[in-house]
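Quick caveat, the model's predicted, so the values are computed rather than measured.
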Amino acid sequence: MFKTLAPRTPEDDAPKPAAAAPASTDEPESERLKAAVAAWVASADDDEGAGDEADEADEASAEGDADAGESEPDVEDVVEDDVEDVESSGADEPADEPADEPVEDKAPAASWFAARKPGEADKPAEEPAKPAAEQKPEPEPEADEPAAEPVDKPVDKPVEKGVDKSVDEPDDDPVDQPTAMFKIVRPPVAPAVDQPTTALKLPPTLRAQSEAESDSERTSTFVPLRADIPAERKAEEAQEAPKAPEAPKAAAPAPKAATGAPKAFAPASDAPVPPASLVEAERTRQQPLPPLPPLDLLAELTNTPPPKPNALRTTARRVRIWTPLVVLLLIVFAIVQMVRPLPAPAPTLSASPTFTFEGGQLKMPWPNEGQGAVEVEGVGSMGTYGAQKPAPIASVTKTMTAYVILRDHPLKGSQKGPEIEIDKKADEQGKAEHESTAAVQEGQTYTEKELLELLMIPSANNVARLLARWDAGSEAAFVEKMNAAAKDLGMTQSTYTDPSGLLDTTMSTPKDQLKLAKAVMQYDVFREIVNMPNVTVDGIPGRIENNNNILLEPGVSGIKTGSSTPAGGNLLWSANTVVDGETRRILGIVMGAKDADELGKKLQLAIDNSLKIIQKAQNDVTSASVVRKGQVLGYIDDGLGGQTPVVATKELKAIGWPGLQVKLELTDGGKAVPHSGKAGDIVGQVSIGTGVGKVSAPVALQADLVEPGFDKKLTRVG
């Protein structure tokens, strides 16, 4: 902040005479400055008590200077002039300006030690200074108001320590000593430069303009950064580019505006534009470049230019890139194929899936009227005749009544069931003349089995209604249960409206009745009852005969007769035949026999027609060897192309009749087939027919069953 001074010597520290004469204006500036500083330093060692005498001497000197109007410059003036010279040394001045310019031509400056604000012009004192207690702060000049012109008038100066008291200084009033301070010379403000962009080179014109402006007043110009270029290209551009001309010397900085004055930014077009080579920026961390392609990056790292692309090199590169990936995928695929669970082996039939019995087409003695059907239980239907449409079935309805009772109140073995009391309504209905009834009386009790015998053998209507009320509480509720049971059995064309069948609105078809017959004949008690030609019941006099006199024929075992004017004669029957030592059940029905003038004869006609059908079925139902022992029936498929043959372990015969075509089925027999096994191991069964007529034989491996190998596991799909 001060001008560089010469080192102080012991002679400088020696006390000087108080009334030393000021240096001549003809002395060099450095000599005058040295003398002033030396005087100030020497006075620092004097006793503080001499301050009062210095004040008096200063006042006297000031009065003398004021009277004279003109005197040689004092130490402070000399120092101030030197400081002003230092401040103005950066401006462009003529080099040949004389250094010994008379002091009188310059306006007296403010005290060197007087406090002033940066940026303010020095004001010469116009009035004598007042004591510190009476001083009032002067208002600061406005930003646009120019500084007051200096006048040749003494300025109030504070008492400085170390200054010789004999020096005549114009000072009217003393200044408060604690407020004295050195005048701070504001150094030129260096332009703030962004740290990461210090590599940018500014031309002298822009540098001079930046020095003249403060940080808040500088105008900024956006300079885009260019992308990185290779080092080789930088060298080539440096060689080819012409040397940039030197920038002209910066002009003198423009004077600053007053503190707080607004200053508009200069338009970018007014600022000189430096050459492009000076504003191009190097790569900084604030603006990273995008990553280079792999080959270019490798070439830059290895300092080797990338090879020129061609088809062969491109293919080789792709092979090198994709080969490891393909190999890895193949390894993963092989591992997955090996650990995947094997498909479950399954038996597959290779023999003919059907077998047809010899003897030609079966010819049954079907009646010329009505409708009917015959079926061998567990084998299939032997045929049907008639329209196969719903028709009244009369007392055959009681078969459904017995089925619902046994289903809800089953009887096993020798059980007879609960005791049921005869009510008044059953007693009164037992006396009806135009329907079949049982002579039961009110208050009597009968077991469930006894009432079922009265229901099926003499076909008592009053007993059917009694059982309905006992089971469901009312006849209507029982009828609902009858229809629900028919639906469960798949009797889609049957409708029940009463438990006895007296109403002609109760209708069904032959096929539906055969479904009911197969279900109800599963009860031992029912089969026993319907196979009885007659029965004796306690409480009822005499022996009760069965209306179905066909039961006297060999192999016939039921089931129920029914006759009415709308329905004609009807008979649902069951017969047995023995085939290969086993009893086979044959079920059939004849409906709508009306070729007679009396109702009794119509029923007998239905019985006679049924007997002919029964005898024909018993004769034609036979057996045939469908599978021979050791015959290859199929193979075990391991799911991956392996097939191991299987053979029957015994002869298998099927039940049928001439022209019947039966189906063979090869299954696992309910057990999972293993992935490996020895020859002779049982791995399934072959069967013919369904239900009770189903016949089956086990099958075994003809050769060892081997688990699939590595090649099959690896190449399997799906």
*Derivation and outcome, side chain to side chain donor-acceptor pair (under 3.5 Å), residues Q604 and N549*: CA-CA 9 Å; Q604 190 59 46; N549 54 20; 3.2 Å; yes
*Could you go through the side chain to side chain donor-acceptor pair (under 3.5 Å) check for S459 and K398 one step at a time?*
CA-CA 8 Å; S459 189; K398 296 181 176 66; 3.1 Å; yes
*Take T644 and D704, measure what side chain to side chain donor-acceptor pair (under 3.5 Å) needs, and give me the verdict at the end.*
CA-CA 7 Å; T644 304; D704 293 345; over 6 Å; no
*asked:* Show, in sequence, the C-alpha distance, side-chain angles and deciding distance for K678 and D681, and conclude whether the salt bridge (charged side-chain N to carboxylate O under 4.0 Å, His left out) test is met.
replied: CA-CA 6 Å; K678 299 294 184 180; D681 292 348; over 6 Å; no
*Does the pair D638 and H675 meet the rule for a side chain to side chain donor-acceptor pair (under 3.5 Å), with working shown?*
CA-CA 7 Å; D638 60 7; H675 292 285; over 6 Å; no
*Take R465 and E435, measure what salt bridge (charged side-chain N to carboxylate O under 4.0 Å, His left out) needs, and give me the verdict at the end.*
CA-CA 13 Å; R465 301 185 186 104; E435 53 179 306; 3.3 Å; yes
*D423 and R469: salt bridge (charged side-chain N to carboxylate O under 4.0 Å, His left out), yes or no, with the steps?*
CA-CA 10 Å; D423 58 9; R469 293 191 296 271; 3.0 Å; yes
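Contact check for N461 versus Q429: no side-chain heavy atoms found under the 4.5 Å cut-off. Annotation: side chain of T399 is in contact with side chain of F526 (closest heavy-atom distance under 4.5 Å).
Side-chain N/O atoms of S508 and S494 include a donor and acceptor closer than 3.5 Å. Between the side chains of T397 and T506, no donor-acceptor pair is found at a separation under 3.5 Å. A donor-acceptor pair shorter than 3.5 Å cannot be found between the side chains of T445 and E421.
Partners of Q631 by side-chain hydrogen bond (donor to acceptor under 3.5 Å, both in side chains), not counting sequence neighbours: none found. Looking at residues two or more places apart in sequence or on another chain, you find no side-chain hydrogen bond (donor to acceptor under 3.5 Å, both in side chains) involving E369.
The existence of a salt bridge linking K601 and D597 is confirmed by a sub-4.0 Å separation between a basic side-chain nitrogen and an acidic carboxylate oxygen. Taking a cutoff of 4.0 Å between a charged side-chain nitrogen and a carboxylate oxygen, R584 and E582 qualify as a salt bridge. Using a cut-off of 4.0 Å between Lys/Arg side-chain N and Asp/Glu carboxylate O, E545 and R543 are scored as salt-bridged. Checked for salt-bridge contact, E475 and K481 miss the test: no charged N lies under 4.0 Å from a carboxylate O. Of the charged side-chain nitrogens involved, none lies within less than 4.0 Å of a carboxylate oxygen, so that R585 and E375 do not count as a salt-bridged pair. With salt bridges taken as basic N to acidic carboxylate O contacts below 4.0 Å, one links D524 and R527.
Between Y403 and Y523, the angle of the ring planes goes over 60°, which puts this pair in the perpendicular group of the 30/60° scheme.
In the displayed structure, D488 atom CG is contacted under 6.0 Å by more than 12 heavy atoms of other residues, nucleotides or ligands. Heavy atoms of other residues, nucleotides or ligands lying less than 6.0 angstrom from NZ of K602 number more than 12. In this structure, E419 places its CD atom where more than 12 heavy-atom neighbours from other residues, nucleotides or ligands lie under 6.0 Å away. Surrounding CG of D580 are more than 12 heavy atoms belonging to other residues, nucleotides or ligands, all under 6.0 Å away. Around the NZ atom of K713, the shell of radius 6.0 Å holds more than 12 heavy atoms that belong to other residues, nucleotides or ligands.
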